[in-house]
Amino acid sequence: MSSGPVVSVEGLTKRFGSLVAVDDLSFELAPGTITGFLGPNGAGKTTTLRMLLGLAEPTRGSALLFGRRYRELDRAPHRVGAVLEATDFHPGRRGRDHLRTLAYAARVPVGRVDELLRLVELEGAGRRRVKGYSLGMRQRLALAAALLGDPELLVLDEPANGLDPEGVRWLRDFLRAFAAEGKTVFVSSHVLAEVAQTVDRVAIITKGRLVTLSPLGELTSRVAGAVRVRTPTREVLETALGRAGLQSSRLDGDGLHVAGADTHAVGELAAAQGIVLHELVQEAASLEDVFLELTGGNAA
């Protein structure tokens, strides 16, 4: 296993004519982490992943894996596994034969194929032709291909596309177990709710530039969330909050939800009015709240 950064990106820039797709991007990923790579459509996520994997040349800067460019890695399939598209299959080839061909090219024992078909729960479909696979089955087959060399790093672009809820949960559990072995996952996704349940760090870019790279918990706690408060004199507190310019909405019973506030502000206001509180809780912002705030409200 690598002791230094698994991924090291410095000053990475990619231009297509006058269009700047990736703009002076810098970040590092440590071993044993799952990092969600997020950004609005057209933010430069896929272009960044393609440069990491040597499929596109940077205009400027560097994108290194284990301290080297992808093409310089010894036995690359044993260091890095990647899924950028789940469409790189010959439709007439059987799933098992597809993996056997890749295993031969990567000098991986053929017994690994059946092991991976069981792992991604395609054992019964391995002898079927890929043209009969659903999108979710193709995603699983692509993941199996990425895992052939038992890599230390997985680079995944929208791996949950086409998976049903059971498949999404399976993928989440698999990625967590993979990282628990000290391995690293770099996953691009637009499904923010699922990312929030899977990753431990988040990298957000917009217009090709890095907005933040932060542990998920720190990120959601530092962005203004909301306060949940309960009081037997809800109407009095509601009026006082309104006068202070704080927006609130009613919860069941005697509760209020106060947006864009912290417990200090609400508690001090209640104390000044002599209002008794039975509950005062800070609610962290969701990943979606954070994403929209940091990207100016652009959709993932």
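One N or O on the side chain of R112 and one on the backbone of L148 form a donor-acceptor pair closer than 3.5 Å. No donor-acceptor pair closer than 3.5 Å links the side chain of T233 to the backbone N or O of V236. At distances below 3.5 Å, not a single donor-acceptor pair connects side-chain atoms of E28 with backbone N or O atoms of G4. Of the possible donor and acceptor atoms, one in the side chain of H78 sits under 3.5 Å from a partner among the backbone N and O of G149. A donor-acceptor pair under 3.5 Å is absent between the side-chain atoms of T47 and the main chain of G44, judged by distance alone. A donor-acceptor contact shorter than 3.5 Å is absent between the side chain of R100 and the backbone of Y104. Without hydrogens or angle criteria, Q139 side chain to E158 main chain gives a donor-acceptor distance under 3.5 Å. For the pair T206 (side chain) and G39 (backbone), a donor-acceptor distance under 3.5 Å is absent. With hydrogens and angles ignored, the 3.5 Å screen pairs no side-chain donor or acceptor of E152 with any backbone N or O of T184. Remark: side-chain polar atoms of E288 are not paired, donor with acceptor, to backbone N or O of A193 under 3.5 angstrom.
Counting only heavy atoms from C-beta outward, the side chains of R169 and L163 never approach each other to under 4.5 Å. Contact check for L153 versus F66: side-chain heavy atoms found under the 4.5 Å cut-off. At least one side-chain heavy atom of V258 sits less than 4.5 Å from a side-chain heavy atom of V229. Taking the side chain as every heavy atom from C-beta outward, Y70 and R79 never approach each other to under 4.5 Å. In this structure, the side chains of V199 and V202 come closer than 4.5 Å at one or more pairs of heavy atoms. Residues E279 and R228 meet the side-chain proximity criterion, which asks for heavy atoms closer than 4.5 Å. F37 has its side chain out of reach of S189: every pair of non-hydrogen atoms, C-beta onward, lies at least 4.5 Å apart. Side-chain contact check for V22 versus M51: some heavy-atom pair is nearer than 4.5 Å.
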Checklist entry - Where do R201 and L29 land on the side chain to side chain contact (heavy atoms under 4.5 Å, CB included) test, with the steps shown first? => result CA-CA 9 Å; R201 300 203 311 164; L29 304 184; 3.3 Å; yes

Checklist entry - Does the side chain to side chain donor-acceptor pair (under 3.5 Å) test come out yes or no for D24 and T13, once each step is laid out? => result CA-CA 5 Å; D24 196 29; T13 300; 4.9 Å; no

Next on the checklist: F178 vs I34, test: side chain to side chain contact (heavy atoms under 4.5 Å, CB included). Steps then yes/no.
Outcome noted: CA-CA 9 Å; F178 185 87; I34 306 177; over 6 Å; no

Next on the checklist: side chain to side chain contact (heavy atoms under 4.5 Å, CB included), that's the test. Do L122 and L116 meet it? Break it down for me.
Outcome noted: CA-CA 8 Å; L122 284 181; L116 287 172; over 6 Å; no

Next on the checklist: Assess the residue pair F186 and L156 against the criterion (side chain to side chain contact (heavy atoms under 4.5 Å, CB included)); give the C-alpha distance rounded to whole Å, side-chain angles, the decisive distance to 0.1 Å, and a yes or no.
Outcome noted: CA-CA 6 Å; F186 192 35; L156 308 175; over 6 Å; no

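Between the OG1 atom of T263 and the CG atom of L277 there is a distance of 11.0 Å, given to the nearest 0.5 Å. In this structure, the separation between CZ on R129 and NE2 on H90 is 9.5 Å, given to the nearest 0.5 Å. The CD1 atom of I204 sits 5.0 Å away from the CG atom of L294 when rounded to the nearest 0.5 Å. The structure places CG of L237 at 4.5 Å from CD1 of I275, a figure rounded to the nearest 0.5 Å. Between the CG atom of D23 and the CD1 atom of I205 there is a distance of 10.5 Å, given to the nearest 0.5 Å. Interatomic distance, H257 NE2 to R250 CZ, rounded to the nearest 0.5 Å: 15.5 Å.
Contact detail for L52 and A63: the closest heavy-atom pair is CD2-CB, 3.8 Å. Shown here for G208 and L25, the closest heavy-atom pair between the two residues is O-CD1, 4.2 Å. The two residues W170 and V120 have their closest heavy-atom pair at CZ2-CA, 3.6 Å. Among all heavy-atom pairs drawn from P232 and V276, the shortest one is CD-O, 3.6 Å. Taking all atoms of both residues into account, the shortest heavy-atom contact from G36 to V195 is CA-CG1, 4.5 Å. Between R94 and V130, the shortest heavy-atom contact is C-CG2, 4.2 Å.
L147 is connected to L99 through a chain of hydrophobic side-chain contacts under 4.5 Å among Ile, Leu, Val, Met, Phe, Trp and Tyr, so both are in one cluster. Note: the hydrophobic cluster containing L49 does not contain V20 (ILVMFWY, side chain heavy atoms under 4.5 Å, direct or indirect links). There is a path of hydrophobic side-chain contacts, each under 4.5 Å, that joins V9 to L84. Hydrophobic cluster membership differs between L12 and L64, with clusters built from Ile, Leu, Val, Met, Phe, Trp and Tyr side chains linked at under 4.5 angstrom. Connection of L241 to L251 is not established within any shared hydrophobic cluster, with ILVMFWY side chains joined at heavy-atom distances below 4.5 Å, either directly or through further cluster members.
A donor-acceptor contact under 3.5 angstrom links the side chains of T46 and D157, judged on distance only. Side chains of T239 and E235: no donor on one and acceptor on the other come within 3.5 Å. In the model, S214 has no side-chain atom that pairs as donor or acceptor with a side-chain atom of T212 under 3.5 Å.
Look at R234 and D254 and you find no salt bridge, because none of the NZ, NE, NH1 or NH2 atoms lies under 4.0 Å from a carboxylate O. Ionic pairing of D74 and R68 is present here: one or more N-O contacts between side-chain nitrogen and carboxylate oxygen are shorter than 4.0 angstrom.
Cation-pi check for K14 over F16 is met; the charged atom lies under 6.0 angstrom from the ring centroid and within 45 degrees of its normal.
The 12-atom threshold is not exceeded at CZ of R127, counting heavy atoms of other residues, nucleotides or ligands nearer than 6.0 Å. Counting non-hydrogen atoms of neighbouring residues, nucleotides and ligands closer than 6.0 angstrom, the CD atom of E121 exceeds 12 such neighbours.
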